[in-house]
Structures are given as structure tokens and as C-alpha cells.
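Heads up, the thing below is written out as C-alpha cells.
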Amino acid sequence: MGFSYDWDREIATCRPEYYKWEQWLFLKMLENGMAYRRESFVNWCEKCQTVLANEQVEQDKCWRCSQPVRQKKLWQWFFRITDFAEDLLVHCDKLPGWPEKVTVMQKNWIGKSVGSELRFRVAGMDEEIEVFTTRPDTVFGATFMCLAPEHPLVETLCRGTDQEQAVAAFVEKVAAQERSLEGLEKYEKEGVFTGRYCINPATGEEIPIYTANFVLMGYGTGAIMSVPCGDQRDFDFARKYHLEIRVVVQPEGETLDPDIMETAYTGPGIMVNSGRFNGMDNDTAMEAITDWLAEQGRGKKAVSFRLRDWGISRQRYWGTPIPVIHCPDCGVVPVPEQDLPIVLPEDVNLMEKGGSPLPFLEDFKQTTCPACGREDARRDTDTMDTFVESSWYYLRYCSPRYEQGMFDPDAVQYWAPVDQYIGGVEHAVLHLLYSRYFMRVLHHFGMIDFKEPFTRLLTQGMVCKETMTCPEHGYLFPEQAKKTKEDAYVCTRCGKDVEVGRVIKMSKSKKNVVDPNELMETYGADVTRLFCLFAAPPERDLEWSEDGVEGSNRFVNRVWRLALACMDTIDTRQVTRYTGPAGDLKNPDAKALYIKTHQTIHKVTADIDESFHFNTAIAAVMELVNALYTIDLDTADVETKAVVLAAMDSMVLLLSPIIPHFCEEVFEKMGGQGSVLEQPWPKQRNDSLETDEALVVVQVNGKLRSRFSVAADTDESVIKEMALADEKIVRHIQDQPVKKIILINKKQILVNIVV
RNA sequence: GCCGAAGUGGUGGAAUUGGUAGACACGCUAGACUUAGGAUCUAGUCCCGCAAGGGGUGGAGGUUCAAGUCCUCUCUUCGGUACCA
């Protein structure tokens with residue numbers, strides 16, 4: 001296809017030369033508390049003895065063996081991305097080169113909310129429950145408390161009460177449910193009383209403590225104060241379990257009755273049932289109540305983020321081994337730097353069920369503790385999330401063979417950050433956020449002097465195609481399905497009817513992929529490039545179809561014939577290309593073509609430079625070519641020929657990034673010196689962009705009724721008079737009085753006559 | 001569910017800040033040239049209508065002299081949703 005990659009800089013992130021430095025950074029992060037280990041939950045299939053991705057869990061069952069999946073606690077490594085939550089959020093607004101939709105998604109993902117942290121004492125125990133709430137104004141309406149089933153206090157609270165068994169059963173049941181924000185909505189909201197009460201710090205009253213499946217341990221503090229009058233989930237829960245609903249915020253001019261309310265009221269209002277805060281508007285009360293509770297040591301202002309720390313442990317084989325050693329005496333011990341890289345062993349039997357073979361490889365696992373020398377220490381057998389690799393590979397390109405560190409600081413200083421990054425919009429949050437985080441880590445260590453990895457970002461759309469399924473052979477490649485006369489498809493191997501599925505993004509596993517090599521063989525690289533670029537703007541999803549590729553081929557041939565015609569009819573010893581202002585041209589056809597040429601240069605430059613909209617850039621050049629075709633070179637005068645040469649020159653340069661091989665040849669044929677790729681980009685003459693005539697379109701009551709041309713410098717009042725005198729307009733106005741005439745003079749002149 | 005997009009002729013797609021909807025192509029129709037055409041050229045092609053005119057950017061409302069574009073509601077499709085990467 002004629003891409004200009006510098007293969008000397010090729011890297012592969014699965015090679016030890018690369019991931020050695022990832023392990024090195026991990027150790028540095030570990031040393032600085034930026035990487036840490038804690039227990040967390042994974043989807044676990046007992047039968048397959050493996051961890052499942054969320055997408056591998058189908059209706060709470062393993063996709064492979066259909067056994068129920070349960071939540072299992074494992075020790076896992078995390079990166080403290082939340083330390084940078086605020087910084088990552090703030091800089092979302094300082095990325096002018098990024099599409100706004102991406103920064104919006106990132107902001108929502110980080111999910112900052114401002115509120116208060118409140119502490120509730122457990123009645124009769126020396127324990128406290130901390131909650132985060134965005135609505136401290138409603139604390140007087142908190143009539144119960146809900147803890148996540150995984151909350152460490154749940155077990156302590158119910159122990160010894162008659163609820164102990166019920167709670168244990170509930171926790172077990174929830175362990176079989178998917179515990180994510182997404183999963184929350186799938187299950188009916190339910191909970192169980194823990195047998196204990198806590199004290200509402202505002203009212204001093206005892207309120208029951210529940211554990212409920214809609215509270216997540218990973219979000220906030222894993223506990224919520226439930227205010228049924230002001231939160232729909234709490235409201236539903238209170239109705240279900242017959243808990244008190246107490247109104248504390250009343251919309252102005254209304255009286256809410258808790259017995260007949262059907263939904264929670266979340267809007268603004270006046271405080272009621274809230275002691276000394278009654279009568280205050282709830283907005284003021286937020287601050288006032290927080291301050292009041294703070295004085296008593298029962299709360300403070302706080303912010304909470306939806307963003308969670310980045311779990312990087314994978315119980316998988318493919319990935320960078322995590323460079324730590326577990327010693328019975330010393331605990332977790334980092335691998336000494338001189339022992340890096342810890343190489344992923346390659347002589348392994350891959351597991352049928354998807355689990356990692358590493359925990360079974362004694363040679364790999366068994367090692368000596370670097371701290372105390374014990375010989376029964378064992379290596380960590382987890383590998384890192386592959387997002388870790390993709391978070392810094394672009395810096396490695398700056399010095400791909402560098403052996404003294406992740407990258408050569410001078411090279412990174414010179415090249416980075418990346419000027420223009422291109423990737424699918426499916427990476428809008430994870431990959432792009434992790435990369436931004438990694439640059440902050442490196443910046444924190446003083447290794448780089450910038451924080452943002454990608455100055456400009458283009459999120460390209462996906463190429464999509466329908467899937468084909470044969471009842472016998474499963475997914476088929478497009479060439480394995482043959483079209484029948486009835487516009488249906490049959491399998492080329494078994495002849496059975498093929499089912500045509502939905503249009504989805506191309507993927508190897510679904511086989512709905514096309515090979516550009518076939519187009520390349522038929523039409524060549526340039527026509528293939530032209531066709532792809534002309535099909536749609538890059539940020540848009542594209543349903544692949546080869547209809548229209550003939551048109552691209554036709555266009556290239558049209559240009560070629562134009563070049564041949566020029567060489568046949570224009571003697572370049574006598575005619576040189578015109579470069580002056582349009583105003584000096586006498587022949588109106590020559591002048592029009594010259595103006596068109598400069599308009600085209602202007603448009604193509606802007607389309608490519610600002611937005612990579614090659615499709616409209618190509619369309620503009622096509623218009624120029626169409627204009628060139630209207631000129632009869634056999635009868636043209638010298639002035640016109642000089643303008644044609646100028647137009648041809650510009651056209652070849654404008655097309656050169658799109659169809660480079662072809663343009664190289666035309667450039668040479670037309671007498672160009674050197675390579676077309678070394679020529680400066682054409683520049684439009686700003687004095688040659690506008691024609692002498694302007695089109696006036698005339699509307700009556702907003703409907704187009706007539707149009708005519710005037711000299712570009714015609715006075716506006718004259719144009720209005722001409723519009724009113726226009727035959728078609730007169731007919732439409734008839735004898736109705738003219739109320740108003742609006743004249744807009746932007747890209748064209750528009751007159752709207754209101755009657 | 002939540003977050004983010006997209007929806008315009010038979011098709012891919014155009015349309016600075018609201019200002020001629022359908023640029024540029026594909027396809028189709030007719031014609032010219034040609035021994036021939038899957039080459040090339042010319043003309044036509046949003047829909048209804050002989051025309052004058054009317055309708056039209058997923059749907060329903062609204063703001064405006066003027067709405068594909070702004071606002072409200074809604075439908076459909078796609079991407080992401082933290083272990084697909």
C-alpha cells in the first residue's frame with residue numbers, strides 16, 4: 001500500500017528486551033507505593049479451574065462448560081491510578097487536540113463527585129461505619145444503613161445475632177452474582193437485616209443495618225446511608241422491606257406524604273424534619289449540616305471518584321511475569337534489578353481450559369529468596385494485564401534498542417509526546433486513560449518532562465461487514481460463501497444455505513474480514529488507497545463494500561489522460577505556468593479555472609490538515625479535474641494553457657499523499673525535477689480565491705423562490721431592490737405587504753423577504 | 001442500566017458560526033463514438049406532479065424571518081462498561 005514505516009524501529013512487546021523495562025518500572029512503582037497488593041474478587045469457574053473475563057460469563061454461567069461462576073477472592077496487584085484521578089480529570093479540559101467525545105467519556109469514567117464522609121457508630125459495639133454521600137442535606141432522612149455483602153464489618157455485625165445464618169446465606173448468594181456497576185442492574189435489589197443497628201449522627205436514633213446486593217465494595221466506602229425519600233433505589237428497598245420513609249426535603253409549595261409517595265423526590269426544596277435546619281433550602285443545608293457534623297467529629301467534606309485502582313494481575317500465561325518472589329519468612333520480595341528480565345518460559349503445555357500453566361511449572365516457580373536465601377521461595381505466577389504494555393510502547397519507538405533503561409531520555413526529549421495518535425474509538429477510555437496515567441508515573445519519577453502522551457488524537461471508525469454462518473462449517477470467510485441467483489448465499493464447501501448475520505466490526509474470530517491484496521492485484525496500491533480514503537471520513541464506521549472502486553480507477557485514468565493531452569498540446573518551451581494574481585488574467589475561462597485551482601488548494605489543505613477528511617479533499621480535486629475537462633486544449637490561447645499548467649501542477653501535488661506512486665509518474669512525465677514527494681506543498685493565493693460575480697438566492701417567507709447573479713461589489717440596498725423587482729418574487733408576493741427584508745452575505749448572498 | 005456516538009436519495013457520503021439540502025462518486029436511464037464494450041464522451045437521475053407547485057434529512061413537538069444543524073421527548077443501530085485487547 002506504500003506505507004512509510006521505519007522498520008528499523010520495530011518492536012515487539014512480548015520480547016524480554018521490551019518487557020524487562022516494564023518489570024523494572026513495576027519494581028520502581030512497588031518501591032514507591034504506587035503498586036500494591038490486596039485481595040479482590042474474580043469470576044471463578046470451579047470446573048475449569050480458571051478465572052473468567054466478564055464477557056466469558058454468560059447468565060452467571062461459564063461460557064465453556066456452563067457451570068455456575070462464583071466470585072473468588074484472590075491476592076492481586078494494583079496500580080494506584082486513583083492517586084492521579086484529579087489530575088487526569090483536570091487535564092481532560094487541556095487536550096484541545098482530542099475529540100471532545102473522548103474527554104467526556106474519560107471525565108465520566110473518572111466520575112468525580114463532591115459530598116461528605118459521615119461516620120455512624122454501631123449501637124452496642126465499638127465499631128464505626130463510614131459512608132460517602134453526595135446528599136449530606138438528607139442525613140435526617142437516613143432511616144437505615146446498607147453495607148456491601150463483601151464489607152468487612154458484615155460478618156462482625158451479624159455474629160451472635162439470630163440473623164447470622166440468613167446473612168451468611170445472602171452473602172453466598174451474592175457471590176454468584178456479577179459484582180460490577182453493570183451487573184447491578186441485572187439483579188433485583190434485595191438485602192438482609194444484619195441484626196444490628198447504628199446511630200444516625202444527626203437524629204441520634206438507632207437505624208437498622210442491612211447488607212444489600214446493590215451496594216458495591218469497590219465504590220465509595222462500600223456502605224451507604226439510605227434515604228428513601230431522596231433516592232429511588234433506597235425508596236424501592238424501603239417499600240420492599242417496610243422500612244420507614246421520612247421526608248426531609250420538600251419541593252416548594254407541596255407537601256409530600258410518605259405513605260402515598262410513589263417515587264423518591266430528588267429535586268431541590270425546603271428542609272423539614274431536620275431539627276435546627278428546618279426551613280433552610282437544601283442547597284445551603286448541605287454545607288451547614290456537614291459543618292455541624294464536622295464540629296462533632298462525625299463527618300467532613302469529601303470527594304469520591306468512580307475510578308478504581310487498576311488491577312493488573314492476570315492468572316494467564318501470555319503476559320509479562322510480575323517480578324516478585326514470595327518467601328515464607330520475608331513475605332513479598334522484589335526481584336533484584338540485576339536479575340531482570342524474568343522471562344516467560346516458552347516450553348509449556350498450554351492448558352485446554354484457558355488457565356495458566358505457570359503455577360504448575362516447578363522450574364519457573366521455585367527460586368531462592370533474594371533477601372534471606374531460603375530455597376523454598378516461589379515466584380509470583382501472575383502476569384500483567386497487556387494494557388501495561390500498550391501504555392508506553394510509543395516511547396520505546398524513540399530508542400527501540402536502548403539497553404540502559406526504558407528509553408533514551410534524549411531521544412524521548414526529541415520525539416515525544418506523540419504529535420498525532422490514531423486509534424479506534426473503542427479505546428476511548430481504558431487504553432487512553434492508562435497511557436495518560438503512565439506518563440504521569442514517569443513524570444513523577446522525573447523521567448520525562450510532560451504528562452500527556454498524545455497531543456492530537458484521531459479516533460477512527462471501525463470497518464464493519466456482515467457475518468456469514470454455515471450450519472455445518474460455522475463462520476465463513478466472505479470467499480467461502482457463493483452468491484446465488486436469488487441474492488442468497490451458499491457455502492462453497494457443502495452447498496448449504498448460509499445465514500447472513502448482522503453488520504459488525506471486522507474480526508478474525510467472526511471471519512467477516514476482507515483482504516486488501518485482492519483489490520491491490522486488480523487495481524494496484526494507489527487505486528486501493530484512493531478508494532479507501534474516498535469512502536468515508538476516518539472517524540466514521542464504514543460498512544465495507546467494493547461498489548465504487550471502479551470509480552476510483554476511472555478517476556485515476558481521467559487524470560492520466562489529462563496529463564497526456566497537456567503534453568500533446570502544450571509546448572512547455574513556449575508556455576510557462578501562470579503564478580500571478582487572478583485579476584491580471586484577461587480570458588474569463590482561464591480566470592475561472594485559476595480561481596478554481598486556488599480554491600481547491602485551499603480546501604484540500606484545510607481538509608487534510610485540520611481533520612484528515614480525505615474524502616472531501618478528493619472530491620474537491622475531482623471538481624478541479626472536471627473543470628479542466630471543460631477546456632478545449634486544441635483551441636485554447638496561451639494564457640489559458642499557462643493556467644492549465646498551473647492547475648495540473650497543483651493537482652498532482654494535492655493528490656500526491658493519496659496516490660503517491662501515480663503522482664510520481666505524472667510529475668516526471670510533465671517535466672518535474674526530482675521526486676514529487678520532495679516538492680513543497682502548494683499554497684493558495686489569497687487574492688485569487690473569489691470570483692467577480694456573486695449568486696443571490698431569494699426567499700419569500702423562508703422558501704426559495706428565485707436566484708440571480710450580481711457583481712460581487714454590488715451594494716446591499718441595490719440587491720434588495722433587484723430581489724423585490726424579480727419577476728418570480730413579484731408573483732409570490734402579489735399584493736401582500738412586505739414586513740421585513742433580511743440579507744445575509746456570507747458564503748453566498750441570501751435575501752429573505754417576509755410578507 | 002450507565003457513558004459516548006450514529007441515523008440525510010437506490011448506495012457511499014457532502015453541507016464553517018442556523019442561511020440554496022443532496023457537493024463528489026457509485027448505480028441506473030437515454031444517446032454518441034465503436035467490429036466490440038465491463039473503454040470513453042454527452043445528457044438526465046431526492047419524491048409526487050404535464051406544469052405551476054407541493055413534500056422531504058429515523059419519529060413527534062418546539063424556538064426562529066430561516067432548522068440536517070439549536071431545545072424537549074422518543075425509536076433504532078453501534079462502541080465502551082474496568083479480566084477481549
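By convention in this document, chain letters (A, B, ...) are assigned in the order of the sequence lines, proteins followed by strands, and residues within each chain are numbered from 1.
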Query raised in the report: So how far is it from A:I658 CD1 to A:C532 SG, rounded to the nearest 0.5 Å?
Result: 12.5 Å
Query - Phosphate-side-chain proximity, A:R540 and B:rA14, N/O vs OP1/OP2 below 4.0 Å - result: yes
Report task. Enter the distance from A:E546:CD to A:S552:OG here, rounded to the nearest 0.5 Å. Result -> 11.5 Å
Report task. Mind checking A:V42 for me? I need base, sugar-phosphate or nothing, with any heavy atom below 4.0 Å counting as a touch. Result -> base
Query raised in the report: In terms of base orientation, is B:rG9 syn or anti, with the syn window spanning 90° either side of 0?
Result: syn
Query raised in the report: Would one find a side-chain N or O of A:N43 under 4.0 angstrom from OP1 or OP2 of B:rC83?
Result: no
Query raised in the report: Want to settle it: does A:I618 or A:V429 sit nearer the 5' end of RNA chain B, counting the closest nucleotide to each?
Result: A:I618
Query - Rounded distance [0.5 Å steps], CD in A:Q684 versus CD1 in A:I595 - result: 13.5 Å
Query - Base-pairing mate for B:rA67 - Watson-Crick or G-U, with both contacts under 3.5 Å - result: none
**Report entry** Interatomic distance, A:E521 atom CD to A:T528 atom OG1 [nearest 0.5 angstrom]
**Finding:** 10.0 Å
Requested in this report: Output the single nucleotide from B:rA14, B:rG79, B:rA85 whose closest atom is nearest the side chain of A:F387.
Outcome: B:rA85
Query raised in the report: Quantified in whole Å, what is the P atom distance between nucleotide B:rG68 and nucleotide B:rU17?
Result: 15 Å
Query raised in the report: Mind checking the P distance from B:rU69 to B:rA60? Whole angstroms is fine.
Result: 13 Å
**Report entry** Mate of B:rA82 where both pairing distances stay under 3.5 Å, Watson-Crick or G-U
**Finding:** none
Query raised in the report: For the atom pair CG (A:L654) and CD1 (A:I618), what is the distance rounded to the nearest 0.5 Å?
Result: 11.5 Å
**Report entry** Atom P, compared across B:rC26 and B:rA21: separation rounded to whole Å
**Finding:** 25 Å
Query raised in the report: What's the closest nucleotide to the A:T386 side chain, out of B:rA82, B:rA25, B:rA85?
Result: B:rA85
Query raised in the report: Which part of the nucleic acid, if any, lies within reach of A:E546 when heavy atoms closer than 4.0 Å are counted: base, sugar-phosphate only, or nothing?
Result: nothing
Query raised in the report: At under 4.0 Å between heavy atoms, what does A:S390 touch on the DNA or RNA strands: base, sugar-phosphate, or nothing?
Result: nothing
Query raised in the report: Which value, in whole Å, describes the distance between the P atoms of nucleotides B:rG4 and B:rC70?
Result: 16 Å
Query raised in the report: B:rC78 phosphate, OP1 or OP2: any side-chain N/O from A:K465 under 4.0 angstrom?
Result: no
Query raised in the report: Hey, does A:E389 have a side-chain heavy atom less than 4.5 Å from the side chain of A:E22?
Result: yes
Query raised in the report: Are A:D309 and A:I81 side-chain neighbours, meaning at least one heavy-atom pair lies under 4.5 Å?
Result: yes
**Report entry** A:R707 side-chain N/O to B:rU20 phosphate OP1/OP2 under 4.0 Å
**Finding:** no
Query raised in the report: Looking only at side-chain N and O atoms, does A:H732 come under 4.0 Å of OP1 or OP2 in B:rG53?
Result: yes
Query raised in the report: To the nearest angstrom, how far is A:L216 atom CG from B:rG1 atom C1'?
Result: 13 Å
Query raised in the report: Between B:rG27, B:rA85, B:rA52, which nucleotide has the shortest distance from any of its atoms to the side chain of A:R554?
Result: B:rG27
Requested in this report: With the side chain of A:L542 defined as its heavy atoms from C-beta on, choose the nearest nucleotide among B:rC78, B:rG12, B:rC65.
Outcome: B:rG12
Query raised in the report: Does A:R396 make a cation-pi contact with A:Y18 (under 6.0 Å, within 45 degrees of the axis)?
Result: no
Query raised in the report: Does A:R558 place a side-chain N or O at less than 4.0 Å from the phosphate oxygens OP1/OP2 of B:rC41?
Result: yes
Query - B:rA67 to B:rG56 separation - C1' atoms, rounded to the nearest Å - result: 13 Å
Query raised in the report: Can a side chain N or O of A:R561 be found less than 4.0 Å away from OP1 or OP2 on B:rC41?
Result: yes
Report summary line: note: A:L530, atom CG; B:rC24, atom P; distance rounded to Å ~ 16 Å
Query raised in the report: B:rG53 phosphate, OP1 or OP2: any side-chain N/O from A:R731 under 4.0 angstrom?
Result: yes
Requested in this report: Identify whether any heavy atom of A:G311 sits under 4.0 Å from a base atom; if not, whether one sits that close to sugar-phosphate; answer base, sugar-phosphate or nothing.
Outcome: sugar-phosphate
Requested in this report: Answer with yes or no whether A:E426 presents, from its side chain, a donor or acceptor under 3.5 Å of a partner atom in the base of B:rC78.
Outcome: no
Query raised in the report: Considering only side-chain heavy atoms of A:V104, which listed nucleotide, B:rG4, B:rG19, B:rG53, is closest?
Result: B:rG4
Query raised in the report: Across all strands shown, which nucleotide pairs with B:rG38 by Watson-Crick or G-U wobble geometry, both distances under 3.5 Å?
Result: none
Query raised in the report: Base, sugar-phosphate, or nothing for A:H431, non-hydrogen atoms under 4.0 angstrom?
Result: nothing
Query raised in the report: Within a reach of under 6.0 Å around CD of A:E690, are more than 12 heavy atoms found that belong to other residues, nucleotides or ligands?
Result: no
Query raised in the report: So does A:N108 reach the base of B:rC3 with its side chain, donor to acceptor, closer than 3.5 Å?
Result: no
Query raised in the report: What's the CD-C1' distance between A:E543 and B:rG10, to the nearest Å?
Result: 14 Å
Report summary line: Sorted by position of nearest nucleotide on RNA chain B, 5' first, the leading residue of A:A535 and A:N557 is A:A535
Requested in this report: Using the P atom on both, measure B:rC75 against B:rG59 and round to a whole Å.
Outcome: 15 Å
Requested in this report: Please give the nucleotide sitting opposite B:rU20 as a Watson-Crick or G-U wobble pair, both distances under 3.5 Å, or none.
Outcome: none
Report task. Describe the nucleic acid contact of A:N752 in one word from base, sugar-phosphate, nothing, applying a heavy-atom distance below 4.0 Å. Result -> base
Query raised in the report: Which part of the nucleic acid, if any, lies within contact of A:F555, taking any heavy atom under 4.0 Å across all strands shown: a base, the sugar-phosphate backbone alone, or nothing?
Result: nothing
Report task. Determine the Euclidean distance between corresponding P atoms of B:rC33 and B:rA23; express it in Å to zero decimal places. Result -> 30 Å
**Report entry** B:rU29 - base-pair partner by Watson-Crick or wobble geometry, distances under 3.5 Å
**Finding:** B:rA43
Report task. Counting heavy atoms from C-beta on, name the nucleotide in B:rC65, B:rA15, B:rG79 closest to the side chain of A:T616. Result -> B:rA15
Query raised in the report: A:L430 has a side chain; which of B:rG53, B:rC65, B:rA82 sits nearest to it?
Result: B:rA82
**Report entry** Residue A:L750, side-chain atoms from C-beta onward, closest of B:rU20, B:rG12, B:rC84
**Finding:** B:rU20
Report summary line: Among the nucleotides B:rA82, B:rA25, B:rA85, whichever has the atom closest to the side chain of A:N626 is B:rA25
Query raised in the report: Ignoring hydrogens and angles, does a donor from either the side chain of A:Q56 or the base of B:rC83 sit under 3.5 Å from an acceptor on the other?
Result: no
Query raised in the report: Using purine N1 to pyrimidine N3 plus N6-O4 or O6-N4 for Watson-Crick, or N1-O2 and O6-N3 for G-U wobble, each under 3.5 Å, what pairs with B:rA51?
Result: none
Query raised in the report: What is the distance, rounded to the nearest whole Å, between atom CD of A:Q315 and atom P of B:rC83?
Result: 11 Å
Query raised in the report: Is the closest side-chain donor-acceptor distance between A:Q315 and A:Q76 under 3.5 Å?
Result: yes
Report task. Under 4.0 Å between any heavy atoms, over every strand shown, what does A:W310 touch: base, sugar-phosphate, or nothing? Just pick one. Result -> nothing
Report summary line: Rounded to whole Å, CD of A:E550 lies from C1' of B:rU40 at a distance of 14 Å
Report summary line: Ranking B:rG79, B:rA82, B:rC83 by distance to the side chain of A:L307, first place goes to B:rA82
**Report entry** Base-pairing mate for B:rU76 - Watson-Crick or G-U, with both contacts under 3.5 Å
**Finding:** B:rA6
Query raised in the report: When the P atoms of B:rG55 and B:rA25 are considered, how many whole Å apart are they?
Result: 31 Å
